[in-house]
Amino acid sequence: MIIVVLGALILISTTLTEARFKTRQTEQQLKDAISLQSSFIDRWLEDHSTQIGVLSRLVKGRTGDKDEIRRIFKAFMSEEGEYTAVLYVDAQGQIAVDSQSQSPDSSGDVSDRDYFKEARAGRRFITDVLISKNSSRPFVFVSSPVMDGNNEFNGLVCGVIHIGVLKKVMSQFDFGNAGGTYLLNRDGQFITVPLGVEGEPLNLADTSPIAGLAKAGTPANKVYVNYAGDRVMGQYGWVKDREWLVVAEMKHSNVFQALYTDMLLMAVIVLIMLLLSFALTFKFTEGIVRPIRLLLQGTSTIRAGDYDFRIPHDQISSAPEELQQLCENFNLAGKKLKSTIQMLELTAVVDELTEVYNRRYILTEGPRLVETCSRAGQPCSILMMDIDYFKKVNDTYGHLVGDRVIIHAASLLMSCVRSCDMVSRYGGEEFLVLAPNAPAAGGGVELGNRICRMFRDQPYREEGLEIPLTVSIGVADYRADYSFGRSTLEDMISRADQALYKAKRNGRNRVELLKDSQKQI
């Protein structure tokens, strides 16, 4: 009886431990899914806002040439396939160019639309879900103002995205038959239809308490009945400035079904082993305790910041099957946690010191901007800039003053370039400027000379200290073929770097454009 009671106590404690662990694991899995999905949706919205912003800058100066705008739109639509239509609206609110024969908003006059009002105020805008007057289908409109040479409002460019695109994005994070993720608006209506629900999203409302919990800021840490009548565990997260709600749910039965089955099997095995021999019971108990110790060690290690901890399979090979599965789930969760953190780190695109784009961003987003210019038949230039004799500044005044000089240099550089130019700190005292649509005949050199003058005229000053500054600049223009690197952008950067060294050899404080005949390897 003592052996049987001991076995029963072990079984019960193990079951409770695994149940608590499974609950915490599921909660964390849902939180990770929400964190990843929210970050993905916000990045997805920001990327599309940036795309339309770049497109509006390409349209700038061509508002009178509708054929040219259509050509630009056609090139853009062939590159970015998530848009249903792209519109150009003039300053009076009239649709002047429509990439499709009949867009979701083709009434002609859109001056009463929120996206037109925001563009007239000089701001980019992403609408809530709007219902098309033509087809009664839901769409999201992404707009960006078009400014003329005097920075006056000259209309807007608007991209139209069907909600079905968002549904495809959300479906990447479903849990199969166990659950999934979906979007609600602030009124609790579906933006994307979850699994098992038919009909257009905005015609349906979520009847579960998750939207009310989100509005009240109350954690969703209890099992509740969702829209389909299933008992689920769920988590939520706000996106789009708290206008949309991301919900992740997993069926309660799916969470514990495998656990219940495994525990029943384990009860039979434990009972037989305990009745046969106390020695076998002790060995079996040790097989249970070891994985739990490893799990506790793993959670402590991960909590300390080491996300590479994994439970070796050979140390749990003698453990019951369910504990092996639990450890494997722990290893999988550790991998997913590490990949999630790596993804969040990759989203950092701004240089911490200067608050301009960093090297990673321009190497990631630059090729897309160069390709857009290429498809639109527009020129593009790269300027690589280096502060002359910057090491003397650090050696003479110290690195803190050197950092402030770099901040000052970034500020001067931003004041020289256009709003459509992409500025990044490439490394140390080096900066890179990607200038789309620069005049092909010396446009990059002209911009470089303007930067040189700005630095000569505005030395760094602080509390009686004045440090004269000059810069050397290398310029490279776009060309279809490339000789360096694996892409056109890498080739332009390499040629600009060679031109920069030429500027340094020729006395610094100057701009050099490397001609094809002067290429070096």
Side-chain angles (χ1 to χ4, degrees), residues 46 50 53 151 344-366 369 381-436 438 444-476 489 492-494 496-513:
E46 180 61 27
T50 301
N151 204 28
L344 293 176
E345 289 174 348
L346 288 176
T347 60
V349 298
V350 176
D351 178 64
E352 183 178 359
L353 178 65
T354 62
E355 296 186 355
V356 300
Y357 288 127
N358 59 20
R359 176 173 181 163
R360 179 191 302 152
Y361 181 84
I362 200 166
L363 292 179
T364 302
E365 298 298 328
L369 184 57
S381 298
I382 275 189
L383 291 77
M384 180 169 283
M385 183 191 85
D386 188 277
I387 302 175
D388 294 332
Y389 305 109
F390 181 74
K391 185 176 183 301
K392 292 184 178 179
V393 176
N394 281 334
D395 294 342
T396 305
Y397 303 103
H399 289 278
L400 291 179
V401 173
D403 286 347
R404 292 197 288 272
V405 169
I406 289 178
I407 295 172
H408 175 70
S411 176
L412 292 179
L413 187 58
M414 290 299 296
S415 66
C416 287
V417 302
R418 304 166 300 170
S419 61
C420 62
D421 296 335
M422 186 182 294
V423 178
S424 73
R425 184 184 178 194
Y426 199 66
E429 68 274 17
E430 284 188 334
F431 292 86
L432 202 66
V433 178
L434 178 55
V445 174
E446 181 181 346
L447 175 58
N449 287 326
R450 187 164 68 247
I451 294 172
C452 283
R453 289 194 299 270
M454 177 70 77
F455 273 78
R456 287 195 299 268
D457 296 341
Q458 298 190 33
Y460 174 75
R461 297 185 179 94
E462 67 165 55
E463 299 179 356
L465 175 65
E466 180 174 312
I467 301 176
L469 297 176
T470 61
V471 292
S472 299
I473 300 176
V475 181
L489 180 66
M492 294 173 69
I493 292 176
S494 178
D497 191 35
Q498 295 181 35
L500 172 61
Y501 279 105
K502 179 183 177 183
K504 290 182 179 181
R505 289 195 304 268
N506 290 341
R508 303 178 186 261
N509 189 22
R510 62 190 297 118
V511 180
E512 291 288 351
L513 172 65

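Computed from a predicted model, the values in this text were never measured in an experiment. Side chains are part of it too, since the values below use all heavy atoms of this structure and drop only hydrogens, waters and symmetry mates.
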(message) Let me confirm one number: the OG-CG distance from Ser494 to Leu489, rounded to the nearest 0.5 Å.
(response) 11.0 Å
(message) Looking only at the side chains, is there a donor atom on one of Asp351 and Thr354 sitting less than 3.5 Å from an acceptor on the other?
(response) yes
(request) Answer yes or no: is there a donor N or O on one side and an acceptor on the other, between the side chain of His408 and the main chain of Gln458, under 3.5 Å? (result) yes
(request) Among Arg510, Lys502, Lys504, Lys391, find the one that has a salt bridge (Lys or Arg N to Asp or Glu O under 4.0 Å) with Asp386. (result) Lys504
(message) Quick one, Leu413 and Ile451 - any side-chain contact, counting heavy atoms below 4.5 Å?
(response) yes
(message) Is there a side-chain contact between Met414 and Val356 in this structure, where contact means two heavy atoms from C-beta onward sitting under 4.5 Å apart?
(response) yes
(request) Please tell me if the side chains of Ile493 and Met384 come closer than 4.5 Å, counting only heavy atoms from C-beta onward. (result) yes
(message) Is it the case that the side chain of Asn449 and the backbone of Val445 share a donor-acceptor pair, with hydrogens and angles ignored and the cut-off at 3.5 Å?
(response) yes
(message) Just verifying a value: how many Å separate Glu355 CD and Ser411 OG, rounded to the nearest 0.5 Å?
(response) 10.5 Å
(message) Between Asp421 and Arg418 (side chain of the first, backbone of the second, donor and acceptor by atom type, cut-off under 3.5 Å), is there such a pair?
(response) yes
(request) State, yes or no, whether a side-chain contact exists between Tyr357 and Val423 at a heavy-atom distance under 4.5 Å. (result) no
(message) I'd like to check Arg508 versus Tyr389 (side-chain heavy atoms, cut-off strictly below 4.5 Å). Are they in contact?
(response) yes
(request) Determine whether Leu383 and Leu432 make a side-chain contact, defined as any pair of heavy atoms from C-beta on separated by less than 4.5 Å. (result) no
(message) To the nearest 0.5 Å, what is the distance between OG1 on Thr470 and CD1 on Ile387?
(response) 9.5 Å
(request) Could you check if a side-chain atom of Ile382 sits within less than 4.5 angstrom of a side-chain atom of Val475, using non-hydrogen atoms only? (result) no
(request) Using modelled atom types only, decide if a donor and an acceptor are shared between the side chain of Ser415 and the backbone of Leu412 within a distance under 3.5 Å. (result) yes
(message) Quick check: do Val393 and Ile467 have side-chain heavy atoms less than 4.5 Å from each other?
(response) yes
(message) Between Arg425 and Asn358, do the side chains contain a donor N or O and an acceptor N or O under 3.5 Å apart?
(response) no
